[in-house]
**Q** 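Structure incoming, see below.
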Amino acid sequence: MALGRVIYVAHTVCIRSELQPMAPDRIGSSSSSRQRDLVFVVNPLGANGRTGKEWRKLVPYLRSRLGKECNICESITSGPCHAIDITREAIREGADAVIAVGGDGTLHEVVNGFFWAGKPVVSQVKESTHSTALGLIPLGTGSDFARTFGWKNDPHEAIERVARGLRSMIDVGVITGESCDHHYFINVADIHLSAKAGFYASRYKRFGNLCYVIGALQAFIGHQNQDMRIRFNDGPWETCPQVTALCIGNAKYFGGGMKITPNADPFSRNLEVVTLQNFKWYDFVLKLHKLYSGTHLSVKNVSDRSVLSIEVEDISGMGGGIYIQSDGEHLGFLPKKISVVPAAIEMIL
Ligand SMILES: Nc1ncnc2c1ncn2[C@@H]1O[C@H](COP(=O)(O)OP(=O)(O)OP(=O)(O)O)[C@@H](O)[C@H]1O
């Protein structure tokens, strides 16, 4: 998307600045003086419509802060999964960064847009010497991924990060199932009760963070802990009895601020697996504060380990009834294999 080239990203509007003397090159490692192409992928309906409103207020500031150095391209999503296509196209067109504007769901789709058929999407621009970075302006309901970095839902702070342009290679997780499709996540993937709670919570986003409480209460109805077959790092299969929830973290938080995988680190080149077994409803009432503070690893029936991969099968006889979600998005049911993809994406930090 260098100057003079046409951008074919659907619904993308590029707010190009007047030609001006170049500012110092802060975004990316290239020393060329060309303007950077930043594609902002905006979910107008994130956080029950707040994302769209905040974004409209933000655009004038964004132009004044970055417009001299960068071509600012705005791409408004038209529905679920659109952010994936926008991202793929932007990368192929040689964008310097694709920046998700919204919640974890939008970030999740943008991350999936960095891949195609199990491989990274690459620029088709012949002269391109840079890779496309991932950025985030957190403006969602939960915005859980941002919490690992201590980022708030503060768009001005996020724009400063983009302006500063520090980048680092970050891990992602990949989930494969019987269909052999590859599905990527950047935050937390989780199985059984929490995934079911997330599935229901997505229906109540209009209530803000309360949606997670409502979702959890609904998921408890008829919930049963289940035996599962698990294997770590392609090792031997073992039975894990009475699993309540299995959480696989690349980062630390889910469910609107629960520090579920407190030792996860997206730069560690592995994933943290936290297993809750044999929990009853009253265990959640008594131990909820520990789940929020991340001090639950010492609680009875909670275990924790660091892995490269984990494979999980349903042996409950529930016939496809055990939910899995990734980054708060419903992904279907077991069996699934979840693996780390080390240093998969360059992220603006
Ligand atoms: N134009 C659109 N219309 C309807 N849904 C959309 C649109 N664009 C994106 N989506 C969907 O909205 C869902 C939620 O978006 P997002 O994650 O940004 O907000 P949120 O749910 O409020 O925040 P969080 O996930 O952090 O709690 C995503 O799963 C995405 O597929």
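The first residue in the sequence is number 1, and the count goes up from there. First listed ligand is number 1; within each ligand, the first listed atom is number 1.
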**Q** So if I count the atoms of ligand 1 from 1 in the order they appear, which ones are less than 4.0 Å from some heavy atom of S78?
**A**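 It comes down to these atoms of ligand 1: 1 (N), 2 (C).
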**Q** For F145 and W151, take the angle between the two ring planes, folded into 0 to 90°, and tell me which bin it lands in: parallel under 30, tilted 30 to 60, perpendicular over 60.
**A**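 Because their plane-to-plane angle is over 60°, the rings of F145 and W151 count as perpendicular.
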**Q** Taking only heavy atoms of A47 into account, list the atoms of ligand 1 that are under 4.0 Å away from them.
**A**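 Listed by number with element: 19 (O), 20 (P), 22 (O).
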**Q** Under 3.5 Å, N or O to N or O, is G140 touching ligand 1 that way?
**A**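 N/O-N/O distance below 3.5 Å does not exist for this pair.
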**Q** Return yes or no for this condition: an N or O of G105 is under 3.5 Å from an N or O of ligand 1.
**A**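 Between G105 and ligand 1 (N or O atoms, distance only) the closest approach is under 3.5 Å.
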**Q** Would you find a donor on one side and an acceptor on the other, under 3.5 Å apart, between the side chain of H192 and the backbone of L246?
**A**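 Pair absent, no side-chain N/O of H192 close to backbone of L246.
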**Q** Specify side chain, backbone, both or neither for S202, according to which of its non-hydrogen atoms lie closer than 4.0 Å to ligand 1.
**A**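 None of S202 does.
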**Q** Nearest protein heavy atom to atom 5 (N) of ligand 1, by residue and atom, and its distance?
**A**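 Ranking protein heavy atoms by distance from atom 5 (N) of ligand 1, first comes P80 CD, 3.7 Å.
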**Q** Any heavy atom of Y212 closer to ligand 1 than 4.0 angstrom?
**A**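 Distance cut 4.0 Å: Y212 passes for ligand 1.
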**Q** Can you tell me which residue and heavy atom of the protein come closest to atom 30 (C) of ligand 1, and the distance to 0.1 Å?
**A**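 The closest heavy atom on the protein side is E109 OE2, 3.4 Å.
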**Q** Is a side-chain N or O of N250 found less than 3.5 angstrom from the main chain of N187, in a donor-acceptor match?
**A**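 Not a single qualifying donor-acceptor pair exists.
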**Q** Under 4.0 Å, counting heavy atoms only: does G328 come that close to any atom of ligand 1?
**A**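 Under 4.0 Å: no for G328.
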**Q** For ligand 1, which atoms have a heavy atom of G102 less than 4.0 angstrom away?
**A**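 Those atoms are 18 (O).
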**Q** As an exercise, identify every atom of ligand 1 less than 4.0 angstrom from a heavy atom of S143.
**A**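 Listed by number with element, the hits are 26 (O).
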**Q** Could you tell me the residue and atom name of the protein heavy atom closest to atom 29 (O) of ligand 1, and the distance to it rounded to 0.1 Å?
**A**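 For atom 29 (O) of ligand 1, the nearest protein heavy atom is E329 OE1, 2.7 Å.
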**Q** Tell me: protein heavy atom nearest atom 1 (N) of ligand 1, and distance?
**A**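 Here the nearest protein heavy atom works out to T77 O, 3.0 Å.
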**Q** Would you say the side chains of D37 and N71 form a donor-acceptor pair under 3.5 Å?
**A**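 Side chains of D37 and N71: pair found under 3.5 Å.
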**Q** Taking the inter-plane angle between the rings of Y204 and F207 on a 0 to 90° scale, is it parallel (under 30°), tilted (30 to 60°) or perpendicular (over 60°)?
**A**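 Y204 and F207: parallel rings.
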**Q** Tell me: protein heavy atom nearest atom 18 (O) of ligand 1, and distance?
**A**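 That would be T106 OG1, 2.5 Å.
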**Q** Looking only at the side chains, is there a donor atom on one of E74 and W55 sitting less than 3.5 Å from an acceptor on the other?
**A**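 Yes, W55 and E74 have a side-chain donor paired with an acceptor closer than 3.5 Å.
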**Q** So between N48, D104, N43, V110, whose heavy atom ends up nearest atom 12 (O) of ligand 1?
**A**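 Looking at heavy atoms only, N43 sits closest to atom 12 (O) of ligand 1.
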**Q** Please check whether G46 reaches ligand 1 - meaning an N/O of the residue sits under 3.5 Å from an N/O of the ligand, judged on distance alone.
**A**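 Not met; the criterion fails.
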**Q** Is there a donor-acceptor contact under 3.5 Å from the side chain of D171 to the main chain of R269?
**A**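 At least one qualifying donor-acceptor pair exists.
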**Q** Output yes when the distance from some N or O of ligand 1 to some N or O of G79 is under 3.5 Å, and no in every other case.
**A**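 For ligand 1, there is an N or O atom that lies under 3.5 Å from one belonging to G79.
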**Q** Looking only at N/O atoms, are G142 and ligand 1 under 3.5 Å apart anywhere?
**A**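 Yes, G142 has an N/O under 3.5 Å of an N/O on ligand 1.
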**Q** Can you tell me which residue and heavy atom of the protein come closest to atom 3 (N) of ligand 1, and the distance to 0.1 Å?
**A**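 Going by distance alone, atom 3 (N) of ligand 1 is nearest to L45 CD1, 3.4 Å.
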**Q** If you have a sec, work out which protein heavy atom is nearest atom 21 (O) of ligand 1 and how many Å separate them, to one decimal?
**A**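 The protein heavy atom lying closest is K205 NZ, 2.9 Å.
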**Q** For atom 22 (O) of ligand 1, which protein heavy atom lies nearest, and how many Å away is it?
**A**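 In this structure, atom 22 (O) of ligand 1 has T141 OG1, 2.5 Å as its nearest protein heavy atom.
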**Q** What salt bridge (charged side-chain N to carboxylate O under 4.0 Å, His left out) pairs are there with at least one residue in residues 275-295, not counting sequence neighbours?
**A**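 Qualifying pairs, neighbours excluded: D283-K287.
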**Q** I need the R92 CZ to T87 OG1 distance, nearest 0.5 Å.
**A**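 R92 CZ to T87 OG1: 11.0 Å, rounded to 0.5 Å.
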**Q** Side chains of Q325 and D190: do they bring a donor and an acceptor to under 3.5 Å?
**A**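 There is such a pair between these side chains.
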**Q** How would you list all residue pairs meeting salt bridge (charged side-chain N to carboxylate O under 4.0 Å, His left out) that involve residues 231-257, not counting sequence neighbours?
**A**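 Sorted pair list: R231-E311, D234-K337.
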**Q** Could you label the plane-to-plane angle of the H223 and F220 rings as parallel, tilted or perpendicular, counting under 30° as parallel and over 60° as perpendicular?
**A**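 Perpendicular, since the angle between the ring planes exceeds 60°.
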**Q** Once rounded to the nearest 0.5 Å, what's the spacing between atom CG of N153 and atom CZ of R50?
**A**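 Rounded to the nearest 0.5 Å, the CG-CZ separation comes out at 5.5 Å.
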